[in-house]
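Here's the structure, in structure tokens; my notes come after.
Letters go in sequence order (proteins before strands), and every chain restarts at 1. Since the structure is predicted, the reported quantities are computational estimates derived from the model, not experimental observations.
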There are 2 protein chains.
Amino acid sequence: MPKTQKVPEATIKRLSIYMRVLKDLEKKNTEVISSADLAEICGINAAQIRKDLTYFGEFGVRGVGYFVKELHFDIRKVLGLNEKRNLALIGVGNLGRALLSYKNFADHGYDFVAAFDTDKEKIGSDLPCGIPVYSMDKLDSLAKDLGIDIVIITTPAEFAQDAADKAVAAGVRGILNFAPTQLNIPREVHLKRVDLTTEFDNLAYHLHAG
Amino acid sequence: MPKTQKVPEATIKRLSIYMRVLKDLEKKNTEVISSADLAEICGINAAQIRKDLTYFGEFGVRGVGYFVKELHFDIRKVLGLNEKRNLALIGVGNLGRALLSYKNFADHGYDFVAAFDTDKEKIGSDLPCGIPVYSMDKLDSLAKDLGIDIVIITTPAEFAQDAADKAVAAGVRGILNFAPTQLNIPREVHLKRVDLTTEFDNLAYHLHAG
């Protein structure tokens with residue numbers, strides 16, 4: 001798998017969509033899917049799919065389509081998803097609880113191993129999903145002991161930077177930020193921000209544009 | 001504002017980021033921002049910002065930058081955000097509750113006016129955020145009476161299509177789907193899917209790629 005060029009973020013995002021569709025197809029025992037059918041199900045045009053896949057190698061057979069199981073496996077490999085990832089969450093509010101109990105993550109190889117909060121009432125208890133809530137003081141040692149790969153921040157905006165700083169100091173290399181604020185993070189740590197309001201903005205634009 | 005070409009989805013998404021940054025700057029009474037500084041704060045390069053804005057008209061002054069208040073207003077107008085949008089949610093589980101109580105939506109002009117569920121224990125009660133939970137039978141009449149613009153679906157995957165069908169039948173024109181499944185929707189209804197696991201996949205790829 002030659003990495004000669006930078007893969008655009010949008011491509012990575014679409015690979016994730018292809019992977020989900022292929023996973024569903026594999027469950028239904030579909031062996032081969034035409035390029036046009038895959039495009040239709042993904043809602044992405046066939047030329048774009050072909051272009052996205054060329055970053056990683058040769059896929060698909062002209063006049064036949066894609067071999068579902070093979071392509072699924074290869075995309076998972078490209079995305080580094082053939083290994084399990086350990087997640088921890090900081091900020092056990094409504095959104096935090098919802099994410100911790102979201103079964104779909106585990107199906108995709110993401111396991112929550114710990115949650116952290118500063119609220120003494122929450123610390124020391126187990127959540128309904130069975131995940132223990134620890135004091136923030138424990139983040140540093142637990143990040144190493146449990147092998148935490150990614151930290152999800154669901155604190156209020158004003159506490160998010162502190163949570164991120166502590167995660168970085170603990171050696172965590174991936175952060176997913178749901179708090180509505182910009183975080184300053186060293187370059188070597190990977191940060192993604194999920195801003196749920198941007199999804200509404202997108203719909204609002206389309207409603208407006210007609 | 002001439003609409004001569006189709007605006008890419010990625011541009012709409014970035015406009016939403018620019019708008020948030022500009023809103024913060026306006027709050028801090030920043031009047032003008034250089035193209036380079038705006039790019040730095042948004043984490044998007046200046047050429048891309050210029051390109052995104054050219055879809056909608058002429059913005060910015062060479063050698064000066066952008067007028068914060070003016071650009072903020074214009075982007076809001078482009079996105080159709082100078083009007084309030086009424087939201088309803090179907091599926092009052094953990095994620096549903098988290099979204100209903102997420103204050104950031106109201107700050108951006110999105111107001112939840114109703115929630116719907118099929119669970120008799122939930123119907124008829126008010127949530128801690130003050131939003132009433134109605135039976136799904138009421139969706140049709142309330143969509144019209146309350147002027148529901150966008151419906152958020154947070155049901156389990158197997159009930160999502162039924163929820164979407166009912167929303168479409170009630171005349172709702174925008175759907176935001178958090179259920180991990182593909183929905184079939186008539187062409188004239190705008191559908192966005194939020195798949196939270198794709199965000200993890202993206203981070204996992206970067207952790208993997210190093």
Side-chain angles (χ1 to χ4, degrees), chain A residues 3 7 9-10 12-13 15-17 19-21 24 41 43 78-81 83 85 87 93-105 107-110 149-150 152 154 157 173-176 180 182 190-209, chain B residues 3 7 9-10 12-13 15-17 19-21 24 41 43 78-81 83 85 87 93-102 104-105 107-110 149-150 152 154 157 173-176 180-182 190-209:
Chain A
K3 290 236 177 70
V7 182
E9 281 300 303
I12 306 297
K13 212 157 180 176
L15 285 179
S16 193
I17 297 171
M19 194 188 63
R20 270 162 193 56
V21 168
D24 288 348
I41 303 174
V78 163
L79 289 173
L81 294 184
E83 23 181 334
R85 299 286 177 180
L87 311 181
N94 280 312
L95 180 60
R97 280 169 206 272
L99 294 175
L100 288 166
S101 61
Y102 193 54
K103 292 180 198 77
N104 209 33
F105 294 148
D107 288 351
H108 288 95
Y110 298 103
D149 300 300
I150 297 174
I152 292 92
T154 47
R173 288 179 52 229
I175 294 178
L176 188 59
Q182 298 272 129
H190 302 284
L191 170 69
K192 289 283 293 178
R193 178 173 173 187
V194 180
D195 187 338
L196 296 171
T197 55
T198 61
E199 305 293 339
F200 289 115
D201 290 349
N202 191 294
L203 274 176
Y205 168 75
H206 288 293
L207 292 176
H208 172 70
Chain B
K3 289 236 177 67
V7 182
E9 281 301 303
I12 306 297
K13 211 156 179 177
L15 285 179
S16 192
I17 297 171
M19 193 187 64
R20 269 162 194 56
V21 169
D24 287 348
I41 302 174
V78 162
L79 289 173
L81 294 184
E83 22 181 336
R85 299 288 177 177
L87 311 180
N94 280 312
L95 181 60
R97 281 169 205 271
L99 293 174
L100 287 165
S101 61
Y102 193 54
N104 208 33
F105 293 148
D107 288 350
H108 288 95
Y110 299 103
D149 299 300
I150 297 174
I152 291 92
T154 47
R173 287 178 53 229
I175 294 177
L176 189 59
T181 187
Q182 297 273 129
H190 301 284
L191 170 70
K192 289 284 293 177
R193 178 172 172 188
V194 181
D195 187 339
L196 296 172
T197 55
T198 62
E199 304 294 338
F200 289 115
D201 290 349
N202 191 294
L203 275 176
Y205 167 76
H206 288 293
L207 292 177
H208 172 70

Chain A contact via [X] - which portion, at a heavy-atom distance below 4.5 Å:
X         : value
Ile175(B) : backbone
Ala10(B)  : neither
Glu9(B)   : both

(message) So if I apply the salt bridge (Lys or Arg N to Asp or Glu O under 4.0 Å) rule between Asp201(A) and each of Lys192(B), Arg85(B), Arg20(B), which one comes out positive?
(response)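 So, applying the salt bridge (Lys or Arg N to Asp or Glu O under 4.0 Å) to Asp201(A) and each of Lys192(B), Arg85(B), Arg20(B), only Arg20(B) qualifies.
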(request) Give, as side chain, backbone, both or neither, the part of Leu79(A) having an atom under 4.5 angstrom from any heavy atom of chain B. (result)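 Its backbone and side chain both get close to chain B.
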(message) Is Leu100(A) close to chain B through its backbone or its side chain, or both, or neither, when contacts mean heavy atoms under 4.5 Å?
(response)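 Neither the backbone nor the side chain of Leu100(A) comes within 4.5 Å of chain B.
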(request) Mind checking the CZ-CG spacing from Phe200(A) to Leu87(B)? Nearest 0.5 Å is all I need. (result)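 Answer for the CZ-CG pair, Phe200(A) versus Leu87(B), is 5.0 Å.
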(request) Working to the nearest 0.5 Å, report the span between CG of Asn94(A) and CG of Leu95(B). (result)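 Between atom CG of Asn94(A) and atom CG of Leu95(B) there are 10.5 Å.
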(message) Any heavy-atom pair between the side chains of Tyr205(A) and Leu15(B) that's under 4.5 Å?
(response)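 The answer is no, as the side chains (C-beta and beyond) never meet within the 4.5 Å cut-off.
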(message) Quick check: do Gln182(A) and Asp24(B) have side-chain heavy atoms less than 4.5 Å from each other?
(response)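 Gln182(A) does not reach Asp24(B) side chain to side chain.
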(request) Compare every heavy atom of Leu207(A) with every heavy atom of Ile150(B), then report the nearest pair and how far apart it is. (result)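 In terms of heavy atoms, the two residues are closest at CG1-CD1, 3.7 Å.
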